[in-house]
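Chain letters run A, B, ... following the sequence lines, proteins first, then strands; residues in each count from 1.
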There are 2 protein chains.
Amino acid sequence: MSNAKMTPELLSLIADRFKVLAEPARLEILQALRAGERSVSDLAQDTGLGQANLSKHLRSLYDGGFVERHREGLFVIYRLADKDVFRICDLMCGRLEELSSKRRKLLASR
Amino acid sequence: MSNAKMTPELLSLIADRFKVLAEPARLEILQALRAGERSVSDLAQDTGLGQANLSKHLRSLYDGGFVERHREGLFVIYRLADKDVFRICDLMCGRLEELSSKRRKLLASR
DNA sequence: GTGTGAATTTACCATCTGGGAATATGGTTG
DNA sequence: CAACCATATTCCCAGATGGTAAATTCACAC
């Protein structure tokens, strides 16, 4: 949000990208892809998600530009497209730790 | 997602934080708070959101740890709590630009 | 062409969530 | 205390979304 003009349209686009990450299943897929390229079948194994469900999550990730894909014979191979995803998640995690330690203090001081 | 163990619980917590940002109205509130502290009434002016609706969005932001608040007489004053929010949004925006330029190229090459 | 395996899409259901109206709570004033 | 104002909460509705099964598409082999 670099001090620039934030039009409603732009905010909406940003929100859409956050929506894609706002789902544990999709975060888990990204996590699995961290180790390298994976076919949809591989990912089904890795995540335990149902096939149709997984496919829809992959579509979201693809539309959001978080993953790339290509076909290899019968298989479709997915890979991470966005090196920033994990930096974003790290920021989220860091804040998570602060929050839970604050919560601990609140509970302790009762 | 620092190469560490990502338990389902942790992924769920991270997803919850993303959910808070996955809403244009809440991004707009954060944007408005960027200029400094604001009462709920101020924010209603700034954003054009209805009172009840705004109040609920503020609750999400508060629960997510993105804003802090305190009372001043009849008013409740909100302020940004998380300096990382805009760094996260910047990463999202940066990627947005890449994506739309790729899209332009795709459209151009038809 | 047919058959098979992998992936996507569709259809449907249950749940969730943003929005607004009405109500409740909290704090101030007189 | 009552009256009032700012905020929060509750209730309800409409639309969005995750999950699964069934149908469809796509690519390869025969």
>> How many whole angstroms separate atom CD of E72(B) from atom C1' of dA6(D)?
In response: 13 Å

>> Of the listed nucleotides (dT8(C), dT9(D), dG19(C)), which one gets closest to any side-chain atom of A25(B)?
In response: dG19(C)

> Taking the side chain of K56(A) as its heavy atoms from C-beta onward, which of dT20(D), dG20(C), dT8(C) lies nearest to it?
Replying inline: dT20(D)

>> Using whole Å, what does the distance between atom C1' of nucleotide dT15(C) and atom NZ of K19(B) come to?
In response: 12 Å

> D16(B) CG to dT17(D) C1': how many Å, rounded?
Replying inline: 15 Å

> Checking all strands, does E23(A) fall into the base, sugar-phosphate, or nothing category for heavy-atom contacts under 4.0 angstrom?
Replying inline: sugar-phosphate

> Hey, is the side chain of R59(B) poking within less than 4.0 Å of OP1 or OP2 on dT9(D), counting only N and O atoms?
Replying inline: yes

> Which nucleotide in the set dT8(C), dC28(D), dA21(C) lies at the smallest distance from any side-chain heavy atom of A52(B)?
Replying inline: dA21(C)

> When all nucleic acid strands are considered with a 4.0 Å heavy-atom cut-off, which category describes S55(B): base, sugar-phosphate, or nothing?
Replying inline: base

>> I need the minimum non-hydrogen distance between Y62(B) and V67(B), along with the two atoms involved.
In response: CD1-O, 3.4 Å

> Which listed nucleotide (dT9(D), dT17(D), dA7(C)) is nearest to the side chain of S41(A)?
Replying inline: dA7(C)

> Does the side chain of R26(A) get closer than 4.0 angstrom to OP1 or OP2 of dG18(D) through an N or O atom?
Replying inline: yes

>> Can you identify which nucleotide, out of dT8(C), dG19(D), dG27(C), has its nearest atom closest to the H57(A) side chain?
In response: dG19(D)

>> If I take atom CG in residue L58(A) and atom C1' in nucleotide dG19(D), what distance separates them, rounded to the nearest angstrom?
In response: 15 Å

>> Students often get this wrong, so: under 4.0 angstrom with heavy atoms, is Y62(A) touching a base, only sugar-phosphate, or nothing?
In response: nothing

> Do Q51(B) and dA6(D) share a donor-acceptor pair, side chain to base, under 3.5 Å?
Replying inline: no

> Heavy-atom distance under 4.5 Å between the side chains of L30(A) and D82(A), does that happen here?
Replying inline: no

> Separation of F18(A) atom CZ from dT17(C) atom C1', in whole Å?
Replying inline: 19 Å

> With a 4.5 Å heavy-atom cut-off, do F18(B) and R17(A) have their side chains touching?
Replying inline: no

>> Contact between L61(B) and Y78(B) at the side-chain level, heavy atoms closer than 4.5 Å - yes or no?
In response: no

> What's the NE2-C1' distance between H70(A) and dC26(D), to the nearest Å?
Replying inline: 16 Å

> Taking I88(A) as the fixed residue, which of D90(B), I14(B), L91(B) is the one that meets the side chain to side chain contact (heavy atoms under 4.5 Å, CB included) rule?
Replying inline: L91(B)

> DNA chain D: L54(B) or L49(A), which has the more 5' nearest nucleotide?
Replying inline: L54(B)

> Nearest-Å distance, CZ (R38(B)) to P (dT7(D))?
Replying inline: 13 Å

>> Just checking Q45(A): does its CD atom have more than 12 heavy atoms from other residues, nucleotides or ligands closer to it than 6.0 angstrom?
In response: no

> Under 4.0 Å: is that the gap between some side-chain N or O of N53(B) and OP1 or OP2 of dG18(C)?
Replying inline: no

> In whole angstroms, how far is the P atom of dG27(C) from the CD1 atom of I77(B)?
Replying inline: 14 Å

